[in-house]
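Accompanying notes for the structure given below.
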Amino acid sequence: MYQKFETTSFSQFRQQYFNNLREQSCLLPALEELCGGWTQETLKSILQKLTKKNQAPLPLFFDSSQAMDSISNKKQALATVFQQFDSRGIGRIDATELFSVMLLLSTGEVSQIFYNIAVIFGSDKTNHITSDEFFFFIDCLFRGISKVLICKGENKPIGLNKRLNDQDINKFMQQIFKGQLKVNKDELYASVKQSQQLFEFIEYISTSMQASMEYTRQQSLLMMKITMEVKKLMAQMLAQIDGTAKK
């Protein structure tokens with residue numbers, strides 16, 4: 001039997017995650033491996049590949065990790081991420097949940113992230129994003145982060161299958177759009193700042209995700225350096241042993 005989403009209030013999401021993410025590494029390890037070193041430009045180039053340079057719409061779902069090959073050649077990481085996002089056991093994942101998380105973890109200024117949110121989730125050809133489109137993004141984002149974020153005192157995500165309730169999302173839309181149907185894509189950042197609690201939450205989550213990605217990258221570089229030094233030391237020791245044996 002498929003698991004259902006648990007609808008949760010913003011205050012409950014905030015209580016669970018805000019200023020409560022695990023220090024140093026707060027992300028699903030397979031996601032850190034999959035997206036290691038990504039910037040906003042990296043993500044945009046991957047999405048360009050998925051849309052055949054904007055000739056096709058972004059996929060709404062993936063029905064296997066093999067269907068995600070355009071994202072990366074890291075097959076094991078793709079398989080693990082697919083399994084994690086298929087937390088309801090339906091044999092497919094919501095691609096927009098994954099893209100919304102990737103937008104926040106890819107390195108970039110917060111203003112750039114919001115512009116890319118508008119570009120990727122906004123379908124209006126007149127350089128706008130509508131309140132319905134941003135509503136959809138927020139819904140996707142909160143479903144996505146519940147699958148990948150690790151809180152203090154935990155070693156894995158524990159909030160699977162949660163989503164933000166419609167009442168709170170509608171309240172945020174009223175604060176951001178102020179009765180208008182749409183805003184310019186390059187004005188979304190300033191508009192979202194008018195909803196202070198939502199903006200602070202997204203900014204904290206994004207900053208924490210990016211810091212987690214950088215920490216993992218630095219740890220990988222350190223391990224590579226240690227491995228190289230150990231190999232170098234072993235080679236020197238073997239050379240000394242070989243030289244001694246010849247004498």
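Everything numeric in this text was worked out from a predicted model, so none of it was measured.
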Using 0.5 Å steps for rounding, measure from the NZ atom of Lys44 to the CH2 atom of Trp38. 14.5 Å

Please check if Tyr115 and Val110 belong to a single hydrophobic cluster, counting links between Ile, Leu, Val, Met, Phe, Trp and Tyr side chain heavy atoms closer than 4.5 Å. no

Would a distance-only check, ignoring hydrogens and angles, find a side-chain to backbone donor-acceptor pair under 3.5 Å from Ser195 to Val192? no

Do Leu28 and Lys147 have side chains that approach each other closer than 4.5 Å (heavy atoms only, starting at C-beta)? no

Spell out, yes or no, whether Leu50 and Leu98 are grouped together once hydrophobic residues are joined by side-chain heavy atoms under 4.5 Å, including indirect joins. yes

Quick check for you: to the nearest 0.5 Å, what is the distance between Ser208 atom OG and Ile150 atom CD1? 12.5 Å

Please determine whether side-chain contact (heavy atoms from CB on, under 4.5 Å) holds for the pair Phe136 and Phe121, giving the CA-CA distance in whole Å, both sets of side-chain angles, and the decisive distance to 0.1 Å. CA-CA 8 Å; Phe136 179 61; Phe121 281 81; 3.9 Å; yes

Find the distance between CD (Gln40) and CD (Gln112) and round it off to the nearest 0.5 Å. 5.0 Å

What do the steps show when you test Met209 against Val101 for side-chain contact (heavy atoms from CB on, under 4.5 Å), and what is the final call? CA-CA 9 Å; Met209 283 181 169; Val101 168; 4.0 Å; yes

So, Arg92 and Asp86, do they make that salt bridge, N to O below 4.0 Å? no

N/O donor-acceptor pair under 3.5 Å between Ser106 side chain and Leu103 backbone: no

Taking the six-membered ring for Trp, is the centroid-to-centroid distance between Phe134 and Phe137 below 6.0 Å? yes

Is it true that the side chains of Asp94 and Thr96 contain a donor and an acceptor less than 3.5 Å apart? yes

Mind checking the CG-CG spacing from Leu78 to Asn73? Nearest 0.5 Å is all I need. 8.5 Å

Could you state whether Leu58 and Leu105 fall into the same hydrophobic cluster, counting links through intermediate Ile, Leu, Val, Met, Phe, Trp or Tyr residues with side-chain heavy atoms under 4.5 angstrom apart? yes

Can you check whether Leu31 reaches Val148 side chain to side chain, under 4.5 Å on heavy atoms? yes

From Arg14 CZ over to Phe201 CZ, what is the distance, rounded to the nearest 0.5 angstrom? 8.5 Å

Would you check if the side chain of Gln12 reaches a backbone N or O of Ser9 as a donor-acceptor pair within less than 3.5 Å? yes

Would you please say whether a donor-acceptor pair under 3.5 Å links the side chains of Ser206 and Gln210? yes

Is the shortest distance from a Lys or Arg side-chain nitrogen in Glu33 or Lys74 to a carboxylate oxygen in the other one below 4.0 Å? no

Under 3.5 Å: donor-acceptor pair, side chain of Ser212, backbone of Cys26: yes

Glu6 versus Thr8: any side-chain heavy-atom pair under 4.5 Å? yes

Taking the side chain from Ser45 and the backbone from Thr42, do they hold a donor-acceptor pair closer than 3.5 Å? yes

Please check if the side chain of Tyr204 supplies one atom and the backbone of Asn19 the other of a donor-acceptor pair under 3.5 Å. yes

Would Ile46 and Ile117 show up in the same hydrophobic cluster when neighbours are defined by side-chain heavy atoms closer than 4.5 Å? yes

Is the distance between the ring centroids of Phe62 and Phe85 under 6.0 Å? no

Show your working on side chain to side chain donor-acceptor pair (under 3.5 Å) between Lys162 and Gln16 and close with a plain yes or no. CA-CA 12 Å; Lys162 288 188 176 181; Gln16 180 170 353; 2.9 Å; yes

In Å and rounded to the nearest 0.5 Å, what is the CG to CZ distance from Asn165 to Phe142? 10.0 Å

Backbone of Glu154 reached by a side-chain donor or acceptor of Arg22 within 3.5 Å: yes

Side-chain donor/acceptor pairs under 3.5 Å, residues 166-173, sequence neighbours excluded:
unit_1, atom_1, unit_2, atom_2, d
Asp168, OD2, Phe10, N, 2.7
Asn170, ND2, Asp166, O, 3.2

